Number of protein chains: 4
Amino acid sequence: MAVEPRLGRRQAVKALKRELILDAARRVFEADGIDGASLRAIAAEAGYTPAALYFHFESKEAIYAEVLKASLARLAEAVDQAVAASPAPAARLRAAALAFFGFYAANPRDLDLGFYLFRGGMKPIGLGRERDEMLNTALAAALRPIADAAQALGVTADAANLLMVDTFAHAAGLLLLAHTGRIRMFGASAPQLMARYVDAAIAAVGDGRGL
Amino acid sequence: MAVEPRLGRRQAVKALKRELILDAARRVFEADGIDGASLRAIAAEAGYTPAALYFHFESKEAIYAEVLKASLARLAEAVDQAVAASPAPAARLRAAALAFFGFYAANPRDLDLGFYLFRGGMKPIGLGRERDEMLNTALAAALRPIADAAQALGVTADAANLLMVDTFAHAAGLLLLAHTGRIRMFGASAPQLMARYVDAAIAAVGDGRGL
Amino acid sequence: MAVEPRLGRRQAVKALKRELILDAARRVFEADGIDGASLRAIAAEAGYTPAALYFHFESKEAIYAEVLKASLARLAEAVDQAVAASPAPAARLRAAALAFFGFYAANPRDLDLGFYLFRGGMKPIGLGRERDEMLNTALAAALRPIADAAQALGVTADAANLLMVDTFAHAAGLLLLAHTGRIRMFGASAPQLMARYVDAAIAAVGDGRGL
Amino acid sequence: MAVEPRLGRRQAVKALKRELILDAARRVFEADGIDGASLRAIAAEAGYTPAALYFHFESKEAIYAEVLKASLARLAEAVDQAVAASPAPAARLRAAALAFFGFYAANPRDLDLGFYLFRGGMKPIGLGRERDEMLNTALAAALRPIADAAQALGVTADAANLLMVDTFAHAAGLLLLAHTGRIRMFGASAPQLMARYVDAAIAAVGDGRGL
DNA sequence: TATGAATGAGTATTCATTCAT
DNA sequence: TATGAATGAATACTCATTCAT
């Protein structure tokens, strides 16, 4: 009876410390880039010795994964909130797609994190099978509302899924280009192009034109 | 009479050796990732001492740039060939867009190289201002035919440019997703989605629906 | 009660290890020359990996500076002891000058270190502004007693200063020649020449012949 | 008969090329410091490939030695000229000593070269026994006039020799201090101190006070 | 006489991680 | 839980020198 509260307190302290380390990691990722961030730098920023971090995370990659997971959770929350405010299916589809795009457009740090998952091509992504699956699941959850809204508009589950993937791809492409200055280089506006894409997609669904 | 052929031979040998080193670099990029590739590894793969590479290239970054440049040249050539085979503007637009997408879909190594250009977000790209501009120019040249064909279809220069950027973004997004297994994960097909996107774009241009 | 001694012990161990590394550095300086000494060699001589030295010193230059500082401290102590044992001003002047000379004559390693400070002419000294100033101050402290004794003999502060510099120069020149075999080559004795110089200087001061 | 002139021409061309390389070496020594000068840099400055220098000099050290030798020859010439202009022995002694000092005071590059000979302490000086002896002989020749003048003033050969060495030492010390800013640091003037030293030495010789 | 290519040894410093304390 | 010390591997690049051509 005297022990349990203590354990709870201990766990809370432990969780707090983890959170402080993750905050430090985010700051270092922003300052040095994700690949350029070293465990030493994260530890220093958090007020720790490098060795100390190993009591809180099993490896550098584990820290990456944790930060990524939190980012994806914020993304999903942003999408969910947008959807919750939109009663009609078409508006929901629009809101979900634009919220997804808007989250990353507004939070370039999170975009860097997201792209980190996509680096390396065919090479092992480096975070381990289990972590990869966890992150993929989190990503899928953030995209789900798009497919759900499409289905509510009357298309089949398969078509809704394709539309979701296609929207994801378009957003990713535009964000990639915008993030690296290519959109500006060509004198275009990423949010406008995204909005146009979404409107065309909704129109196509309405027409029964498939996608 | 005896000297000139020798000189020619020498230059040919020199060019050949450069090419062998670049091939080795490509293999190492594929195996270790582009950021993970070290000069030592490239040298070893090419059968050289690290120091020897400095007789052929002035720095590691110069090797990167050379490999990237060659890749973009092959891309542009693929697009140009596809366009040359298509007389009508609509077919040309389709051919250019699908050739761009198809080149990277068929050559994942080149896709890795291409994405390397896009990494880092706000971080320095690391190849130096001059090399960066050269590479941007090469990329723009590969995309140009898309805008040209759109303009031939009757839209304004601005609209043609937007369509080119949007197509670029869609291709990039689909390739990114496909390359990292996300397309498969959602049970979709990147080439099909790309073709559908292009067809819709052509139809929109035909309708005078802008984009 | 159990903790404090431990901390003291730790600090003592740390200081001891630093000293062992500095000793190794001194041996390597002697063996390879100061410019020729590499961090690797110092580490190997100390029984460490190169990386390990970075836990004890922040850079190679920091090691150089530490060794130099310790040498100058020993020099100053030798001069101070000689002066402390000499009550009369003339004897003090003599003792200080000969102690300065004698220290380096007896410790050729320290002479090499001292000359290192003087190398490079117009080139950057390479230890950084702060360290340079610290070392200059330490050197000035070792010479101070010469000027003080001269002043006690009745000359002005300026004249005492000049005598100090001149004595420094004569000692440095003789040591340089002796250290590189030139004195022997000319069949002379550096200590004798130094003593003669000092005696002449004291006589000149006594005569009121200025310097 | 047709051959000899050609050989002479060839040797002249060869000598000229050597001289051009040595000039380049001097410029690089000045720019990068003597230790910092690389064979590559000297070759580039001379308009050659590094490998080409090996047809003119057997090693990097040989280039050092040649440049040093030329410097010492200029020194000896400066001393000889000063002596030639001074008929009386006392004036000759004064002129020789001040010319020695003045040459290095006016030509800091040559001073760097001269000190290079004196570096390294007990370590092999690095130029090889033969070259060392050649350079020592050249140095002795530049100092000889000092001893000769002293002897002309009536002291024994041994005393004249000692005076020469002592003068050498004093000049070397003052130059060392001046060259590295220590004279300025103590608010003194090297030429004044040197002149005073020489005058005192001449007075001592006149008194029959030994030295 | 000169070159271009090549070598092997060398440089200081950083990295993620481990382990005894 | 946290530290300080340590490791071994890695980094890009420079050096004087050699050798076939």
Side-chain angles (χ1 to χ4, degrees), chain A residues 10 13-14 17 35-43 46-63, chain B residues 3 6-7 9-11 13-14 17-18 21 32 35-43 46-63, chain C residues 3 6-7 9-11 13-14 17-18 21 32 35-43 46-63, chain D residues 10 13-14 17 35-43 46-63:
Chain A
R10 268 196 198 168
V13 168
K14 183 168 184 163
K17 288 182 180 173
D35 277 321
S38 72
L39 225 189
R40 305 164 91 89
I42 295 170
Y48 281 109
T49 278
L53 298 203
Y54 286 85
F55 288 95
H56 301 278
F57 301 93
E58 66 180 1
S59 72
K60 190 189 170 192
E61 304 298 330
I63 298 180
Chain B
V3 171
R6 263 197 200 159
L7 273 180
R9 160 108 63 168
R10 259 197 203 170
Q11 283 177 333
V13 168
K14 179 166 185 161
K17 286 182 179 173
R18 268 178 72 98
I21 293 171
D32 299 351
D35 277 320
S38 73
L39 223 179
R40 297 161 102 89
I42 295 171
Y48 281 111
T49 273
L53 295 203
Y54 286 87
F55 289 93
H56 301 277
F57 300 92
E58 65 178 2
S59 70
K60 186 192 167 193
E61 304 300 331
I63 298 180
Chain C
V3 171
R6 264 197 199 159
L7 273 180
R9 160 108 63 168
R10 260 199 202 169
Q11 283 177 334
V13 168
K14 178 167 187 162
K17 287 182 180 173
R18 269 178 72 98
I21 293 170
D32 299 351
D35 277 320
S38 73
L39 224 180
R40 296 161 103 89
I42 295 172
Y48 281 110
T49 274
L53 296 202
Y54 285 86
F55 289 93
H56 301 277
F57 300 93
E58 67 179 1
S59 70
K60 186 192 167 191
E61 305 300 330
I63 298 180
Chain D
R10 268 197 199 167
V13 168
K14 183 167 183 162
K17 287 181 180 173
D35 278 321
S38 73
L39 225 190
R40 307 165 91 89
I42 295 171
Y48 281 109
T49 276
L53 298 202
Y54 285 85
F55 288 95
H56 302 277
F57 300 93
E58 66 179 1
S59 72
K60 191 188 167 192
E61 304 297 331
I63 298 180

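Protein chains get the first letters and strands the later ones, always in sequence-line order, with residue 1 at the start of each. Note that the structure is a prediction, hence the values are computed from the model and not measured.
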>> Strictly under 4.0 angstrom, non-hydrogen atoms only: write out the protein contact profile of nucleotides 7-13 of chain E, one letter per nucleotide from the 5' end, B, S or -.
In response: BB--BBB
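- To the nearest 0.5 Å, the span separating NZ on B:Lys17 from CG on B:Leu53 amounts to 12.5 Å.
- The CD1 atom of D:Ile42 sits 7.0 Å away from atom NZ of D:Lys60, with the distance rounded to the nearest 0.5 Å.
- Rounded to whole Å, atom P of F:dC15 lies 15 Å from atom CG of C:Asp35.
- Applying the salt bridge (charged side-chain N to carboxylate O under 4.0 Å, His left out) test to A:Arg40 and every residue at least two apart in sequence or in another chain returns nothing.
- If you take NZ on B:Lys14 and CZ on B:Phe55, they are separated by 10.5 Å, rounding to the nearest 0.5 Å.
- For residues 46-56 of chain D, there are no side-chain hydrogen bond (donor to acceptor under 3.5 Å, both in side chains) pairs, not counting sequence neighbours.
- Both A:Lys17 and C:Ile21 lie near DNA chain F, and the one whose nearest nucleotide falls closer to the 5' end is A:Lys17.
- Residue B:His56 places at least one side-chain N or O under 4.0 Å from the OP1 or OP2 atom of E:dA6.
- The interatomic distance linking B:Lys14 (NZ) with E:dT3 (C1') rounds to 11 Å, in whole Å.
- Closest non-hydrogen pair, C:Asp32 versus C:Ala41, comes out as OD2-CB, 4.2 Å.
- Protein atom CD of B:Gln11 is 11 Å distant from nucleotide atom P of E:dA5, rounded to whole Å.
- When base pairs are accepted only as Watson-Crick or G-U wobble with both N-N or N-O distances under 3.5 Å, DNA chain F takes part in stems of 3 or more pairs at E:2-21 with F:2-21.
- Atom CD1 in D:Ile42 sits roughly 11 Å away from atom P in F:dC15 (whole-Å rounding).
- Between A:Phe57 atom CZ and E:dT18 atom P the separation is 16 Å, expressed in whole Å.
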